[in-house]
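What follows is a single structure, written as structure tokens, with notes after it.
All values derive from a computational prediction rather than experimental measurement. Within every chain, numbering begins at 1; the chains are lettered A, B, ... in the order of the sequence lines, protein sequences first and strands thereafter.
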2 protein chains.
Amino acid sequence: MKISPAKTNPSAAPVSRKQRELAQRETLILDAAQNILHQHGYATLTMERVAEAVEYSKGTIYNHFSSKEDLICSLCCRSINNLIEIFTRAVRYEGSSRERFSAIGIGYSLHHQINPMAAQIVQIIKINSVREKISPEKLGEMESLEQRITSIAMSVVQDAIGCGDLPLETRAITDSIVFGCWSMHYGALLLEQSDIPLKSLGFSPAVELLWLNTQKFLDGYNWLPLSSASGHETMFRKLSADLYEDEINTLNNKNKKS
Amino acid sequence: MKISPAKTNPSAAPVSRKQRELAQRETLILDAAQNILHQHGYATLTMERVAEAVEYSKGTIYNHFSSKEDLICSLCCRSINNLIEIFTRAVRYEGSSRERFSAIGIGYSLHHQINPMAAQIVQIIKINSVREKISPEKLGEMESLEQRITSIAMSVVQDAIGCGDLPLETRAITDSIVFGCWSMHYGALLLEQSDIPLKSLGFSPAVELLWLNTQKFLDGYNWLPLSSASGHETMFRKLSADLYEDEINTLNNKNKKS
DNA sequence: GACACTTTATGACGCAGCGTCATATTATGA
DNA sequence: TCATAATATGACGCTGCGTCATAAAGTGTC
């Protein structure tokens with residue numbers, strides 16, 4: 001049983017009604033899966049349940065996704081696409097290179113606070129034995145998205161080097177700065193998501209620490225303008241207000257409800 | 001079916017022959033599980049297979065571990081215990097506070113390079129739906145180990161503040177430094193372990209980046225003595241040679257084989 | 001060593017969830 | 001209207017977890 005190409009990124013290719021219907025249903029399925037994930041957790045995400053939610057049979061779901069892992073990978077791609085939009089917004093911000101880079105971090109953090117399951121999914125997708133079950137095409141798609149999002153982050157670092165905000169050392173540092181921030185954010189959000197009792201281990205809220213640490217990290221690289229303790233808060237609030245009004249509202253509503 | 005307390009940490013309590021035999025078998029089971037994990041990956045780790053490997057029946061395995069997740073959690077505890085030994089070694093090192101703290105990072109990194117599966121296990125254990133299946137006692141045990149290892153790292157930061165190597169700011173920073181390093185290391189090693197093609201995304205080897213970034217991070221906090229590009233390498237080699245000879249040999253042998 | 005009784009080991013069984021495939025249903029087009 | 005192709009369905013096979021009635025081994029007493 002084969003089915004249309006079903007591109008996540010609808011290229012400019014002409015699409016027939018069939019293809020549109022198919023793409024639509026694919027979205028429907030993904031929405032349903034996301035819902036189940038958010039409302040009842042990963043353990044209850046079964047293909048049967050997804051099928052039931054969209055009122056199609058299991059077989060039909062399998063026409064769209066070659067395995068459960070494949071479906072999850074698609075959710076992951078969605079998430080990265082979402083992040084790409086956020087990153088792009090941050091990069092276009094009118095501010096110093098450091099502000100723009102920091103804004104990326106805030107966006108990343110907000111995205112994961114709004115979609116707590118995203119972190120779990122990303123985490124699950126990274127487990128090798130899970131990866132093995134994903135179709136090569138979908139893995140390729142995810143990889144190319146990762147490529148795109150990485151290059152967005154790297155471009156800001158390049159800008160900073162270009163305009164002298166970052167002292168140019170002999171060694172290439174673009175990758176190390178991006179990797180440092182990525183790993184720090186990734187690690188911090190995973191640690192927060194998992195129900196490790198950080199608080200009882202003596203830690204302040206992860207999101208706060210993450211912001212502070214990112215600034216210290218950039219200070220370590222002498223990324224101008226250097227931060228000051230008082231400047232931190234101001235900058236954080238400014239960037240949040242200027243770039244992420246919607247996200248912050250969403251987050252507040254979410255917290256209110258629970 | 002109940003069975004003896006089976007403490008992982010053999011407290012000074014008098015142990016009967018029975019209890020000793022039981023503890024021994026528990027070790028046997030854990031060894032077998034670890035083996036399967038290392039040789040054939042997570043996907044093939046089934047309770048049946050473990051039972052077969054130790055030549056006991058499945059039921060007997062379940063006398064020791066209430067679920068598969070419980071068993072994995074025990075492996076995780078082992079891993080943390082291993083890390084505690086490494087951290088302790090680092091803390092006792094005769095050197096500056098910064099060297100000792102950095103040494104912790106190196107040890108953490110080495111441990112995960114030697115036991116690639118450790119990262120995967122830790123990752124798996126952090127997924128909520130997995131956690132739910134672990135007995136509260138074992139989770140408590142793990143938590144207390146996490147408590148211990150955290151406090152070891154924190155103690156070095158405290159020392160540094162005490163002796164003036166770290167400028168004392170108004171805000172408590174002990175937790176933020178430890179959390180920053182933890183998240184950076186955790187994130188970096190997870191990213192490396194997962195088969196994300198970091199190289200093709202334009203990144204240098206994760207372990208190198210991790211070391212550089214850790215130093216930049218500590219520089220950002222003004223942890224004396226500040227690092228210099230040339231000093232990095234020297235310090236790294238010195239610490240590795242002085243503290244982790246065994247680990248490095250193990251690692252080299254491992255790489256030679258493959 | 002025989003017996004009663006307790007403790008421990010066993011693997012067949014029930015169950016859940018993934019993925020398949022023969023069959024049923026619907027769409028297309030001549 | 002009918003033939004043929006495309007798609008949907010859900011019963012089925014399979015794997016792996018965890019249970020529990022039963023078997024086996026151990027322990028203590030005479």
Discussion item. Measure CD/A:E21 against P/D:dT7 and give the value in whole Å, please.
Written reply: 10 Å

Discussion item. If I take atom NZ in residue B:K133 and atom P in nucleotide D:dT19, what distance separates them, rounded to the nearest angstrom?
Written reply: 11 Å

Practice prompt. Using the test side-chain hydrogen bond (donor to acceptor under 3.5 Å, both in side chains), find all partners of A:Q193 that sit at least two apart in sequence or belong to another chain.
Written response: none

Worksheet item: So what does B:S66 hit on the nucleic acid, given a heavy-atom distance under 4.0 Å: a base, only sugar-phosphate, or nothing?
Response: nothing

Each nucleotide N or O in nucleotides 21-29 of chain C that has a protein N or O under 3.5 Å away: list the pair and distance.
| unit_1 | atom_1 | unit_2 | atom_2 | d |
| --- | --- | --- | --- | --- |
| C:dT28 | OP1 | A:R17 | NH2 | 3.0 |

Worksheet item: Is the number of heavy atoms from other residues, nucleotides or ligands within 6.0 Å of CD (A:Q39) greater than 12?
Response: yes

Practice prompt. Quickly work out the A:L22 CG to D:dT7 C1' distance and round it to whole Å.
Written response: 10 Å

Item to complete: Using a strict cut-off of less than 4.0 Å between a Lys/Arg side-chain nitrogen and an Asp/Glu carboxylate oxygen, indicate whether A:R25 and A:E21 qualify as a salt bridge.
Response: no

Discussion item. So if I take every side-chain heavy atom of B:S57 and compare against D:dG18, C:dA9, C:dC18, which nucleotide ends up nearest?
Written reply: C:dA9

Worksheet item: Does any pair with a residue in residues 115-133 of chain B pass salt bridge (charged side-chain N to carboxylate O under 4.0 Å, His left out), and if so which ones, sequence neighbours excluded?
Response: A:D195-B:R131, B:E69-B:K133

Discussion item. Is there, by distance only and without an angle test, a donor paired with an acceptor across the side chain of B:K68 and the base of D:dG18 below 3.5 Å?
Written reply: no

Worksheet item: Of all residues at least two apart in sequence or in a different chain, which pass the side-chain contact (heavy atoms from CB on, under 4.5 Å) check with B:K254?
Response: B:P116

Worksheet, complete the sentence: Atom OH of B:Y56 and atom C1' of C:dT8 are separated, to the nearest Å, by 11 Å

Worksheet, complete the sentence: Numerically ordered, the residues 29-55 of chain A set in heavy-atom contact under 4.0 Å with DNA chain C is A:L45, A:T46, A:M47, A:E48

Worksheet entry | Inter-axis angle, terminal five-pair segments of the helix from C:dG1-D:dC30 to C:dA30-D:dT1 [nearest 10°] | 10°

Worksheet item: Under the side-chain contact (heavy atoms from CB on, under 4.5 Å) test, which residues partner B:V50, sequence neighbours left out?
Response: B:I29, B:A33, B:I36, B:L45, B:I61

Worksheet item: Tell me the ring-ring contact (aromatic ring centres under 6.0 Å, His included) pairs involving residues 125-146 of chain A, sequence neighbours left out?
Response: none

Fill in: Spacing of A:N63 atom CG relative to D:dG10 atom P, expressed in whole Å
14 Å

Fill in: d(NE2, B:H64; P, D:dG18) in whole Å
16 Å

Worksheet item: For the pair made of CD in B:E69 and C1' in D:dC17, what is the distance, rounded to whole Å?
Response: 9 Å

Worksheet item: Can you list every ring-ring contact (aromatic ring centres under 6.0 Å, His included) pair that touches residues 175-201 of chain B, not counting sequence neighbours?
Response: A:F203-B:F179, A:F203-B:W182, B:Y108-B:H185

Practice prompt. Report yes if at least one side-chain N or O of A:R25 is closer than 4.0 Å to OP1 or OP2 of D:dT7; otherwise report no.
Written response: no

Worksheet item: Considering residues at least two apart in sequence or located in another chain, which fulfil the side-chain contact (heavy atoms from CB on, under 4.5 Å) criterion with B:S135?
Response: B:S66, B:D70, B:E137, B:K138

Worksheet entry | Nucleotide nearest B:K58 when distance is taken to its side chain, options D:dT9, D:dT19, C:dG19 | D:dT19

Item to complete: For A:Q120, enumerate each residue passing the side-chain contact (heavy atoms from CB on, under 4.5 Å) test, keeping only those at least two apart in sequence or located in another chain.
Response: A:M117, B:I127, B:N128

Worksheet item: According to the salt bridge (charged side-chain N to carboxylate O under 4.0 Å, His left out) rule, which pairs have a member within residues 42-53 of chain B, sequence neighbours left out?
Response: B:E48-B:K58

Worksheet entry | salt_bridge(A:D31, A:R78) N-O dist < 4.0 Å | yes

Worksheet entry | Spacing between B:F65 atom CZ and D:dC17 atom C1', to the nearest angstrom | 16 Å

